[in-house]
Amino acid sequence: MEHKEKAMIVGCGPKSKEWEIHSTLAELERLAHTSRVETVARIVQFRDRKDPSWLIGKGKAEEIARLAEEKAVDLAIFDQELSPAQVRNLEQILPCKVIDRTQLILDIFAQRAQTKEGRLQVELAQLQYLLPRLAGRGKELSRLGGGIGTRGPGEKKLETDRRHIGRQIRQLKRELEEVKKHRQLHQARRRKLDWLQVALVGYTNAGKSTLLNRLTGAGVLVENQLFATLDPTSRALQLPSGREVLLTDTVGFIRKLPHDLVAAFRSTLEQVNEADLLLHVVDSSHPEALEQMEAVEEVLNDLGAAHIPVLTVFNKADKADSRWPDAPGDHVIQVSAFNDMDIARLKQEIEQALEREQIEGKAEIPVERGDWISALYDSAEILSSRITELTIEIKFCLPLKNYQRLSPELKACIQSQPLARRL
């Protein structure tokens, strides 16, 4: 039977944010459970200003050290990201490994990455996180065995010098760039085939993978754990009209998502920017659904995807109260992923949302402007075209986001106001 590491979790912040501190600690405990760690104690220190040397006060650190000894814990997990100096100072007092929320999330990602790109992204994020933390880690490094905080790059890479780590980071970035180019070719092919794209986004464990399975029969892994899905999955979704669109499941978001992880996964997350519609899946049964929605919106803003139309899907209606949280905008639906009628309603809502974002128009372009003609052919579904002596008349349909990307000069050639078009 696998030995479970024992951990204590530690939070720190002002008394005025007591509820928020306990909320994120409860989430940290679930993250630890996802990483197969048993939490045996939860410690909170209320203080208005974090100690730059210890995060918590030195006296509190000594108290934690005594408790760690008494409960024979393997690691102390801090809810805030620790600076290299804070880690060194805490490890001099505590009789166990010291990690923070970032390191724990990176560890979970290291366990769950399945694709080559996913593994490269996790390794890059771990090395970028560890690089500034290598200085002065002598006895602490010798303390690292297996377990939390050492998966992925592994102990040998941590013991090498900074220059080698730097070379590894540059190599990983080059490999990721190659994978990104390959994916962009696939995306360009999909655009050529006139595939509309819909992306599932939302807080981790909101039920995105279950909805993907129910909408498309994808058969992807579904677990009641945080970050059960890490690698994006795309499947064809048939709408009530019979037209097929591409539905993509993405990695779940979380509060305090590590910066290094967002940076490493940016190329994958940027697939969200290719979507014509985002399905923001919310666990409507969760007591902190609104806070989770805000965390998702924050990441979408960071990715530059705030302009993409959103259909908010309050999932898990079978577990929720009759009234769900308020959501911005008019386009909201509450469903249970296990209710066939709800799934049918959701497909209709997706189709209607896409209709709102489709426009059609007619353009007269001078025949010598091959660049404008090419841009329209690349961006739109061409309904018809007719060449005269001086111009080419093109009737087209395209997603509103593609229309907005056209140059002002090309838009000036479009004679009629774009109109909503049925799919």
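Side chains are part of it too, since the values below use all heavy atoms of this structure and drop only hydrogens, waters and symmetry mates.
- Atom CG of Leu28 and atom CD1 of Ile105 lie 8.0 Å apart (nearest 0.5 Å).
- With no hydrogens or angles considered, no side-chain donor-acceptor pair links Gln348 and Gln352 at under 3.5 Å.
- Only one option out of Arg167, Gln168, Glu175 pairs with Gln171 in a side-chain hydrogen bond (donor to acceptor under 3.5 Å, both in side chains); it is Glu175.
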| message | salt bridge (charged side-chain N to carboxylate O under 4.0 Å, His left out) for Glu393 and Arg386? Distances and angles first, verdict last. | response | CA-CA 5 Å; Glu393 182 185 281; Arg386 184 172 65 89; 3.3 Å; yes
| request: Could you check Asp340 against Arg214 for salt bridge (charged side-chain N to carboxylate O under 4.0 Å, His left out), going step by step and ending with a plain yes or no? | output: CA-CA 9 Å; Asp340 291 342; Arg214 293 285 285 128; 2.5 Å; yes
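- Counting non-hydrogen atoms of neighbouring residues, nucleotides and ligands closer than 6.0 angstrom, the CZ atom of Phe46 exceeds 12 such neighbours.
- Between atom OG1 of residue Thr216 and atom CG of residue Leu237 there is a gap of 7.0 Å, rounded to the nearest 0.5 Å.
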| task | Carefully, step by step, assess Glu27 and Arg101 under the rule salt bridge (charged side-chain N to carboxylate O under 4.0 Å, His left out). | result | CA-CA 10 Å; Glu27 188 170 77; Arg101 183 186 182 95; 2.5 Å; yes
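- Among Thr24, Thr39, Thr34, the single residue meeting the side-chain hydrogen bond (donor to acceptor under 3.5 Å, both in side chains) criterion with Glu29 is Thr39.
- In this structure the side chain of Ile9 never reaches within 4.5 angstrom of the side chain of Asp79, judged on heavy atoms.
- In this structure, a donor-acceptor pair under 3.5 Å is present between the side chains of Gln111 and Asp107.
- Counting heavy atoms from C-beta outward, Glu81 and Gln86 have side chains that stay 4.5 Å or more apart.
- Under the side chain to side chain donor-acceptor pair (under 3.5 Å) criterion, Asp342 pairs with Arg345, sequence neighbours left out.
- Gln197 and Thr248 share no donor-acceptor pair across their side chains, judged by distance under 3.5 Å alone.
- Using a 4.5 Å heavy-atom threshold, the side chains of Leu124 and Lys173 count as touching.
- Lys6 places a side-chain N or O within donor-acceptor distance of the main-chain N or O of Lys71, the cut-off being under 3.5 Å.
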| request: Decide side chain to side chain contact (heavy atoms under 4.5 Å, CB included) for Thr204 and Gln292; before the verdict, give the C-alpha distance in whole Å, the side-chain angles of both, and the deciding distance to 0.1 Å. | output: CA-CA 9 Å; Thr204 182; Gln292 293 184 351; over 6 Å; no
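- One side chain, Ser241 or Glu351, offers a donor N or O that lies under 3.5 Å from an acceptor on the other.
- Residue-environment remark: CD (Glu298) stays at or below the threshold of 12 foreign heavy atoms within 6.0 Å.
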| After noting the C-alpha distance and the side-chain angles of Tyr377 and Ile382, does the key distance pass the side chain to side chain contact (heavy atoms under 4.5 Å, CB included) rule? | CA-CA 7 Å; Tyr377 268 76; Ile382 305 302; 3.8 Å; yes
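- A distance-only check finds no donor-acceptor pair linking the side chain of Glu244 to the backbone of Leu239 [under 3.5 Å].
- Environment of NZ in Lys347: crowded, with over 12 heavy atoms of neighbouring residues, nucleotides or ligands closer than 6.0 Å.
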| field | Check against salt bridge (charged side-chain N to carboxylate O under 4.0 Å, His left out), Asp371 and Arg369 | value | CA-CA 5 Å; Asp371 53 337; Arg369 292 312 304 252; 2.7 Å; yes
| message | Using side chain to side chain contact (heavy atoms under 4.5 Å, CB included), reason through His22 and Glu18 one step at a time and then give a plain yes or no. | response | CA-CA 6 Å; His22 282 292; Glu18 181 175 3; 3.6 Å; yes
| message | Determine whether Val281 and Tyr203 satisfy the following criterion, side chain to side chain contact (heavy atoms under 4.5 Å, CB included), listing intermediate values before the conclusion. | response | CA-CA 7 Å; Val281 183; Tyr203 210 76; over 6 Å; no
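- Considering NE2 of His331 and CG of Leu279, their distance stands at 13.0 Å, rounded to 0.5 Å.
- Contacts of Glu288 classified as salt bridge (Lys or Arg N to Asp or Glu O under 4.0 Å), with partners at least two apart in sequence or in another chain: Arg255.
- Using modelled atom types, one side-chain atom of Asp100 and one backbone atom of Leu82 make a donor-acceptor pair closer than 3.5 Å.
- Side-chain contact between Leu104 and Ser35 is present, with heavy atoms from C-beta onward closer than 4.5 Å.
- Using a 4.5 Å heavy-atom cutoff, the side chains of Lys97 and Asp74 are not in contact.
- If you take CD on Gln126 and CG on Leu172, they are separated by 10.5 Å, rounding to the nearest 0.5 Å.
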